[in-house]
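Notes follow once the structure below has been shown.
Here, residue 1 is the first one in the sequence, and each next residue gets the next number. Excluded from the calculations below are hydrogen atoms, water molecules and symmetry mates; all remaining heavy atoms, backbone and side chain alike, are included.
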Amino acid sequence: MMKIRPRRLRTSEQIRAMVRETNITVKDLIYPLFVVAGEHVREEIPSMPNCYHLSVENAVELAKKIASLGIPAVEVFGLPEYKDDIGSSAWDMKSPVQRAISAIKKAVPELVIVGDVCLCQYTNHGHCGKLCGNYVDNDETLKLLQKVAVSQAESGADIVAPSDMMDGRVAAIREALDVHKLHNVSIMSYAVKYASGYYAPFRDAADSAPQFGDRKQYQMDVANSREALKEVELDIAEGADIIMIKPALAYLDIVKEVRQKINNPVAVYNVSGEYAMVKAAAANGWIDEQRIVMENLTSMKRAGADIIITYHAIDAAEWIR
Ligand code: PBG
Ligand code: ZN
């Protein structure tokens with residue numbers, strides 16, 4: 001006789017719901033937005049179906065919809081009007097990102113705004129910092145990242161999210177924010193960011209591909225996990241409020257390990273390549289999109305993510321309702 005039968009607790013949806021360990025809610029999600037210059041722009045990004053380049057007023061309209069779905073936050077990325085060797089449009093208060101942040105904050109004050117702090121969308125060479133020859137100069141780049149973070153925070157960002165992977169940037173940004181009396185602006189650090197092939201659609205969308213070489217001198221080697229814990233410890237010591245791991249799906253082992261070792265909130269970035277794969281397979285009728293998206297998001301949360309940055313956020317919010 002079998003005394004223990006795990007199937008007993010699977011006999012009806014009501015029982016399954018009672019014993020379910022992980023539930024995705026809309027409050028777990030952050031939606032990434034791509035803002036561009038101009039007016040009335042709403043152009044679909046080819047490698048990211050149903051994601052758009054939006055001019056500021058259209059970004060505001062979408063932000064209203066996002067808030068009305070109960071999604072708590074957006075992360076703002078921008079395509080600037082000009083690029084140079086140091087990425088100075090990244091801290092220009094008249095650039096699309098800064099204007100979008102302040103317009104969204106004004107129109108939808110309850111929506112949490114995350115600013116992506118990096119230089120690759122703004123430099124003419126596409127690297128995430130200031131070059132010295134072919135090397136990205138770490139400490140010179142920190143000074144520029146400080147300006148970007150302060151400009152976004154002064155525009156109204158609640159959280160700044162450095163994605164450049166320079167050493168010491170969390171401390172540098174924290175210091176600059178505090179000097180400007182922006183003590184309550186949080187830092188969500190892309191603490192564990194791998195040199196991943198999964199960013200390809202984003203680099204088309206953000207026009208941010210490196211013009212030579214790759215990002216392996218600053219982003220992490222995909223083969224390393226102990227190093228992930230080292231990066232996390234450093235960023236927490238430097239003052240990071242939220243720790244992010246990126247990409248998500250292929251790195252859930254890292255998410256689980258980080259979750260067990262720290263007490264800060266953990267975020268994952270479900271990146272463009274992960275999104276594009278799901279959309280492509282769904283468009284071909286090879287998978288059930290809703291089922292796969294919810295399965296992926298649930299797995300990220302089960303692994304330990306408190307926050308999921310995802311291009312599926314709007315669809316997922318509609319399905320969760
Ligand atoms: C830039 C940045 C990248 C992403 C977010 N910020 C890509 C990169 O390192 O080139 C990736 C987002 C995605 O793929 O969805 N620092
Ligand atoms: Zn970058």
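Evaluated for a side chain to side chain contact (heavy atoms under 4.5 Å, CB included) with Val117, the options Gln146, Met188, Gln152 yield exactly one hit, Gln152. Tested against Asp235, the residues Ile243, Ile242, Ile262, Val192 include a single side chain to side chain contact (heavy atoms under 4.5 Å, CB included) partner, Ile243.
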Practice task
With salt bridge (charged side-chain N to carboxylate O under 4.0 Å, His left out) as the test, would you mind laying out the steps for Lys64 and Glu61 before giving the verdict?
Solution key: CA-CA 5 Å; Lys64 288 181 188 161; Glu61 284 316 302; 3.2 Å; yes
Practice item. Given side-chain contact (heavy atoms from CB on, under 4.5 Å), test Arg16 with Thr11 step by step and report yes or no. Key: CA-CA 7 Å; Arg16 291 192 294 272; Thr11 51; over 6 Å; no
Subject >> side chain to side chain donor-acceptor pair (under 3.5 Å) assessment of Asn58 paired with Tyr52 >> reply: CA-CA 10 Å; Asn58 282 333; Tyr52 296 84; over 6 Å; no
Report the C-alpha separation of Tyr122 and Ile86 in whole Å, then their side-chain angles, then the decisive distance to 0.1 Å, and conclude whether the side-chain contact (heavy atoms from CB on, under 4.5 Å) test is met.
CA-CA 8 Å; Tyr122 309 90; Ile86 57 167; over 6 Å; no
| message | Walk me through whether Asp207 and Lys83 qualify under salt bridge (charged side-chain N to carboxylate O under 4.0 Å, His left out). | response | CA-CA 11 Å; Asp207 186 29; Lys83 300 194 188 213; 3.2 Å; yes
Practice prompt. Tell me, with the steps shown, if Val268 and Ile307 meet side-chain contact (heavy atoms from CB on, under 4.5 Å).
Written response: CA-CA 6 Å; Val268 290; Ile307 297 168; over 6 Å; no
- What do the steps show when you test Val26 against Leu69 for side-chain contact (heavy atoms from CB on, under 4.5 Å), and what is the final call? CA-CA 8 Å; Val26 290; Leu69 286 167; 5.8 Å; no
Full working for side chain to side chain donor-acceptor pair (under 3.5 Å) between Tyr82 and Asp92
CA-CA 10 Å; Tyr82 61 95; Asp92 182 339; 2.9 Å; yes
### Query
Given the rule in the side chain to side chain donor-acceptor pair (under 3.5 Å) test, do Ser272 and Glu274 qualify, once you have shown the distances and angles that lead to the verdict?
CA-CA 5 Å; Ser272 58; Glu274 300 174 302; over 6 Å; no
Going through the checks in order, is the salt bridge (charged side-chain N to carboxylate O under 4.0 Å, His left out) test met by Glu289 and Lys279? CA-CA 7 Å; Glu289 180 175 354; Lys279 296 299 270 192; 2.8 Å; yes
- Between Asp28 and Lys301, does a salt bridge (charged side-chain N to carboxylate O under 4.0 Å, His left out) hold up when you go through it step by step? CA-CA 9 Å; Asp28 303 326; Lys301 191 163 181 188; 2.9 Å; yes
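At least one donor-acceptor pair under 3.5 Å links the side chain of Asp137 to the backbone N or O of Asp139. The backbone N or O of Lys94 sits less than 3.5 Å from a side-chain atom of Arg99, completing a donor-acceptor pair. Between the Asp84 side chain and the Gly87 main chain, a donor and an acceptor come within less than 3.5 Å of each other. Judged purely by atom type and a 3.5 angstrom limit, Tyr198 has no side-chain atom pairing as donor or acceptor with the backbone of Ala250. Of the possible polar contacts, one joining the Lys193 side chain to the Ser163 backbone as a donor-acceptor pair under 3.5 Å is found. Gln98 places no side-chain N or O within 3.5 Å of a backbone atom of Met93 that could act as its donor or acceptor partner. Remark: side-chain polar atoms of Gln121 are paired, donor with acceptor, to backbone N or O of Gly78 under 3.5 angstrom. Judged by distance alone, with hydrogens and angles left aside, the side-chain atoms of Ser102 form no donor-acceptor pair with the main-chain N or O of Gly156 at under 3.5 Å. Not a single donor-acceptor pair under 3.5 Å links the side chain of Asn284 to the backbone N or O of Trp286. Distance alone, capped at 3.5 Å, is enough to place a donor-acceptor pair between the His180 side chain and the Ala176 backbone.
The line from CD1 of Ile245 to CZ of Arg259 is 9.0 Å long, rounded to the nearest 0.5 Å. Here Glu238 contributes atom CD and Asp167 contributes atom CG; the two are 8.0 Å apart, rounded to the nearest 0.5 Å. Ser155 OG to Ile104 CD1: the interatomic distance, rounded to the nearest 0.5 Å, is 11.0 Å. Expressed to the nearest 0.5 Å, how far CE of Met165 lies from CG of Asn138 amounts to 11.0 Å. Between the NE2 atom of His183 and the CG atom of Leu177 there is a distance of 9.5 Å, given to the nearest 0.5 Å. Distance check, rounded to the nearest 0.5 Å: NZ of Lys216 to CD of Gln219 gives 10.5 Å.
The local environment of NZ in Lys27 is crowded, with over 12 non-hydrogen atoms from other residues, nucleotides or ligands closer than 6.0 Å. Around CD of Glu110, the count of heavy atoms belonging to other residues, nucleotides or ligands within 6.0 Å exceeds 12. Heavy atoms from other residues, nucleotides or ligands lying under 6.0 Å from CG of Asp221 number more than 12. Within 6.0 Å of the CG atom in Asn263, the count of heavy atoms belonging to other residues, nucleotides or ligands does not exceed 12. Heavy-atom contacts from other residues, nucleotides or ligands closer than 6.0 Å to CD of Glu57 number more than 12.
When every heavy atom of Cys128 is checked against every heavy atom of Thr141, the shortest pair comes out as O-CG2, 3.8 Å. Listed here is the closest heavy atom pair of Arg8 and Met2: NH2-O, 4.0 Å. Gln217 and Val136 get closest at one heavy-atom pair: OE1-N, 2.9 Å. Closest of all the heavy-atom pairs between Ala205 and Met48 is CB-SD, 3.9 Å. Contact record, Ala240 with Asn264: O-ND2, 3.2 Å, taken as the closest heavy-atom pair. Nearest heavy atoms, Ser47 versus Asp204: OG-OD2, 4.0 Å.
The aromatic ring centroids of Tyr31 and Tyr311 lie 6.0 Å or more from each other. Ring to ring, Phe202 and Phe77 are close: their centroids are under 6.0 angstrom apart. Here the two rings, on His125 and Phe212, have centers that are 6.0 Å apart or farther.
A donor atom on one side chain and an acceptor atom on the other are not found under 3.5 Å apart for Tyr190 and Asp164.
Salt-bridge formation is not detected for the pair Arg321/Glu318: no Lys NZ or Arg NE/NH1/NH2 atom is positioned less than 4.0 Å from an Asp or Glu carboxylate oxygen. Remark: Asp158 engages Lys105 in a salt bridge, criterion side-chain N to carboxylate O under 4.0 Å.
In the hydrophobic cluster analysis, where Ile, Leu, Val, Met, Phe, Trp and Tyr join through side-chain heavy atoms closer than 4.5 angstrom, Tyr194 is grouped apart from Leu234.
The closest side-chain heavy-atom distance from Glu227 to Met220 is below 4.5 Å. Residues Leu144 and Lys130 form a side-chain contact, since some pair of their non-hydrogen atoms from C-beta on lies under 4.5 Å apart. The side-chain heavy atoms of Asn270 and Asn296, taken from C-beta on, include no pair separated by under 4.5 Å.
Cation-pi check for Lys246 over Tyr199 is met; the charged atom lies under 6.0 angstrom from the ring centroid and within 45 degrees of its normal.
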